[in-house]
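As the structure is a prediction and not an experimental result, all values here were calculated from the model. We name chains A, B, ... by the order of the sequence lines, and we start the count at 1 in each one. Every heavy atom of this structure was used, including side-chain atoms; hydrogens, water molecules and symmetry mates were not.
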Amino acid sequence: MEDENELIALRRKKLETLRAKGIDPFGTTFDVSGSIAEVRALFKEAEIFRVAGRITAHRDMGKSHFLDLRDATGRIQIYLHAKEVGPELFDLFRLLDIGDFIGVEGTSFVTKSGEPTIKVQTFQLLAKTLRPLPEKWHGLQDIEARYRQRYLDLLTNEHSRTVFEKRIVIIRETRRFFEDRGFVEVETPILQTIAGGAAAQPFQTHHNALGIDLYLRIALELYLKRLLVGGFNKVFEINRNFRNEGISRKHNPEFTMLEAYWAYADFEKVANLVEELICYLAEKIHALDLAKMEAGAPGRPSVPIAGARESSPLQIAHRDADGHITRTINLKRPWRRVRYRDLVREVAGKDWFELSPDQRRERAMNEFKLEILPQLADFEVTQHVFEKLIEEKTIDPLFVTHCPKELVPLAKQNVEDNSLVDVFELVINGVEIAPGYSELNDPIVQRQRLEEQAGEEKQNIDEEFLLALEHGMPPAGGVGIGMDRLTMLLTGAESIRDVVLFPLLRPRKL
RNA sequence: GGGUCGGUAGCUCAAUCGGUAGAGCAGCGCCCUUUUAAGGCGUUGGUUCCGGGUUCGAGUCCCGGCCGACCCA
């Protein structure tokens, strides 16, 4: 190390001293009575406990010392007294730093102030740390550092830890929800020769042995539908998609998608299922908040926990940095369902669809002050109005149904008006959370629609998918849910980077 | 890609008009046998993101770059 600061130099020196004493600074296996939360739950006075974790605080009283030991489940206080452990162990103790992992065996007791504590009889060093941890009170605040060194964020910021615990619950409970309803989870290719199922730029790679270019998938859809052809009635997949596009508060190049397909259902049955799923997840998240609050959340209380008791599970409060509620999303069912054109008429004028394309364009630009690029097609002008004047302003759940068919080439056309498709777009909190369709299973129409969409780029049409459809796909309802955005919604996160453990950042020079 | 804002000790943050770079935490030394953001006394620690420029003098002003946040496309 070239320009090592004194804090690191000192820790390295302690490391060498430990080695000289014949102690392995990086430890070995240690049997524990349980995780720290489990030990706290089992806690009774005057019993022997073995507990391991990282030292996160040290209160030095001279001959007696109080330490905080932490793991991801919680915090427990350790008491160490020079006489109790003897001179040899006390010397070893003096070589410890905040951040080190230790394993402790000792007797439980409760202090004057009522804190459950383990009085150390013996302990082992399990891992020495060479760098100091961020400050104990404020934690790691630097946004960039929190993303690049997420481990430090998780270690020091209770709120961040809670968000990721919630993400874990959301993914797990989503699996459970679908499995409980007879859906089976499958895995389909990430490496694809044609990246189909959506309109997005794919990442490109190359397979050396086959000598072919491959793409990382942008959607799950076309393979899951092949499984409907293959006789699966209810399938789902939760996994990563990749889109080689911009990075923003709402976009990470890799993101987690759920797609589910349900034979013999349609978009309305799927809409009911999605309502049920999201309310189910909101209740599980609320239960987690309550459980944390009951357990007396160790460390600083996180903001969402503070408001958990008085809030209903279906009222999702989003807060600013100071903990003030900025808005509340009401998930109470039934959710509003409105046709796309009716919504557009509400905001853009009853006559919107009677205007000429040029008049629509003019109204969008002059009356609504929207930027309309000249190359936008007529339906895209309306879609732009929809996004700016409806989608972005919608907070409570809204199913937008019967969209124009140009927007959704993989959905079934409406029998009464075949310029529309039988679909919904679920919008919550200003973003599109989930599209759902009555799936198009007519191979002839599907070919036409894909050709219209592809334009000149016919090589992008997945012929293998069309071949599968020709063998017969049952009518089905399907849905895709962006799990990252759903997690943002349910945790109150304002950025996708706050719900993705390791968001993509430009590499820095170390 | 464009605009706005930001980058100061390991961490959290100060630094007035351009005038000796500071504090708290952490660390180090000493005191204290129930502390809990422990306390008390003392103390170490800086490529002010990088490179130029203006100036007697730059953390501060100007230009270029790097990284990030937000907004727009």
J.: With side-chain hydrogen bond (donor to acceptor under 3.5 Å, both in side chains) as the rule and sequence neighbours excluded, what pairs involving residues 89-100 of chain A come up?
T.: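 Every side-chain hydrogen bond (donor to acceptor under 3.5 Å, both in side chains) pair that includes a residue of residues 89-100 of chain A, provided the two are not neighbours, is A:K14-A:D97, A:D97-A:K128, A:D100-A:K128, A:D100-A:T129.
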
J.: With a 3.5 Å cut-off and sequence neighbours excluded, list the donor-acceptor pairs that the side chains of residues 42-50 of chain A form with protein atoms.
T.:
from, atom 1, to, atom 2, distance (Å)
A:E45, OE1, A:V110, N, 3.3
A:R50, NE, A:D31, O, 2.8
A:R50, NH1, A:E105, OE1, 2.5

J.: Rounded to whole angstrom, note down the P distance from B:G1 over to B:C62.
T.: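 It works out to 24 Å between them.
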
J.: Is A:R497 touching bases, backbone alone, or none of the nucleic acid, heavy atoms closer than 4.0 Å?
T.: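 The residue A:R497 makes sugar-phosphate contact but no base contact.
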
J.: A:F123: what forms a ring pair (Phe, Tyr, Trp, His ring centres under 6.0 Å) with it, not counting sequence neighbours?
T.: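 Applying ring pair (Phe, Tyr, Trp, His ring centres under 6.0 Å) to A:F123 gives none.
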
J.: State yes or no: are the ring centers of A:H81 and A:F66 separated by less than 6.0 Å?
T.: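 For A:H81 and A:F66, the ring centres are not under 6.0 Å apart.
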
J.: In residues 101-111 of chain A, which ones come under 4.0 Å of RNA chain B, going by heavy atoms?
T.: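 Of all residues in residues 101-111 of chain A, the ones placing a heavy atom under 4.0 Å from RNA chain B are A:F109, A:T111.
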
J.: Heavy atoms only, 4.0 Å cut-off, all strands: where does A:L152 land among base, sugar-phosphate and nothing?
T.: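 Counting heavy atoms under 4.0 Å across all strands, no contact is made by A:L152.
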
J.: Can you confirm if the aromatic rings of A:Y215 and A:F203 lie within a centre distance of less than 6.0 Å?
T.: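 No, the ring centres sit 6.0 Å or more apart.
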
J.: Using Watson-Crick or G-U wobble geometry with both distances below 3.5 Å, tell me the partner of B:A9, or none.
T.: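 None - no nucleotide pairs with B:A9, as no candidate has both distances under 3.5 Å.
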
J.: Would you confirm whether the ring centroid of A:F109 sits within less than 6.0 angstrom of the ring centroid of A:Y79?
T.: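 Between A:Y79 and A:F109, the centre distance is under 6.0 Å.
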
J.: Please report the distance separating the C1' of B:G27 from the corresponding atom of B:C11, rounded so that it comes out in whole Å.
T.: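 Looking at atom C1' only, B:G27 and B:C11 are 12 Å apart.
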
J.: If you compare all heavy atoms of A:I372 against all heavy atoms of A:V381, which two are closest, and at what distance to 0.1 Å?
T.: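 Smallest heavy-atom distance, with atoms named: CG2-CG2, 3.9 Å.
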
J.: Side chain of A:K83, base of B:U33: donor and acceptor closer than 3.5 Å?
T.: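 Flag set: donor-acceptor pair detected.
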
J.: List every contact pair, protein side and nucleotides 27-29 of chain B side both N or O, where the distance is under 3.5 Å.
T.:
from, atom 1, to, atom 2, distance (Å)
B:C28, OP1, A:K14, NZ, 2.9

J.: For B:C41, which nucleotide is its Watson-Crick or G-U wobble mate, given both distances must be under 3.5 Å?
T.: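 Partner of B:C41: B:G29.
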
J.: Does the side chain of A:R485 come under 3.5 Å of the side chain of A:N429 through a donor N or O and an acceptor N or O?
T.: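 Their side chains do not contain a donor-acceptor pair, so the 3.5 Å distance test is not met.
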
J.: Can you build the contact string for nucleotides 1-8 of chain B? Use B for base contact, S for sugar-phosphate-only contact, and - for no protein heavy atom under 4.0 Å.
T.: --------

J.: Check whether the side chains of A:D358 and A:S356 place a donor and an acceptor atom closer than 3.5 Å, and report yes or no.
T.: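 The criterion, which ignores hydrogens and geometry beyond distance, is not satisfied for A:S356 and A:D358.
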
J.: Sticking with atom P, work out how far B:U43 lies from B:G22, rounded to a whole angstrom.
T.: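 One P to the other, the span is 14 Å.
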
J.: Could you tell me whether A:L133 contacts a base, only the sugar-phosphate backbone, or nothing, with contacts defined as non-hydrogen atoms closer than 4.0 Å?
T.: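 The answer is nothing, as A:L133 stays clear of every strand by at least 4.0 Å.
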
J.: Is the number of heavy atoms from other residues, nucleotides or ligands under 6.0 Å of A:E456 CD greater than 12?
T.: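 No, CD of A:E456 has 12 or fewer neighbouring heavy atoms, counting only those of other groups under 6.0 Å.
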
J.: Please confirm whether any donor atom in the side chain of A:E115 sits under 3.5 Å from an acceptor in the base of B:U35, or the reverse.
T.: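 No.
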
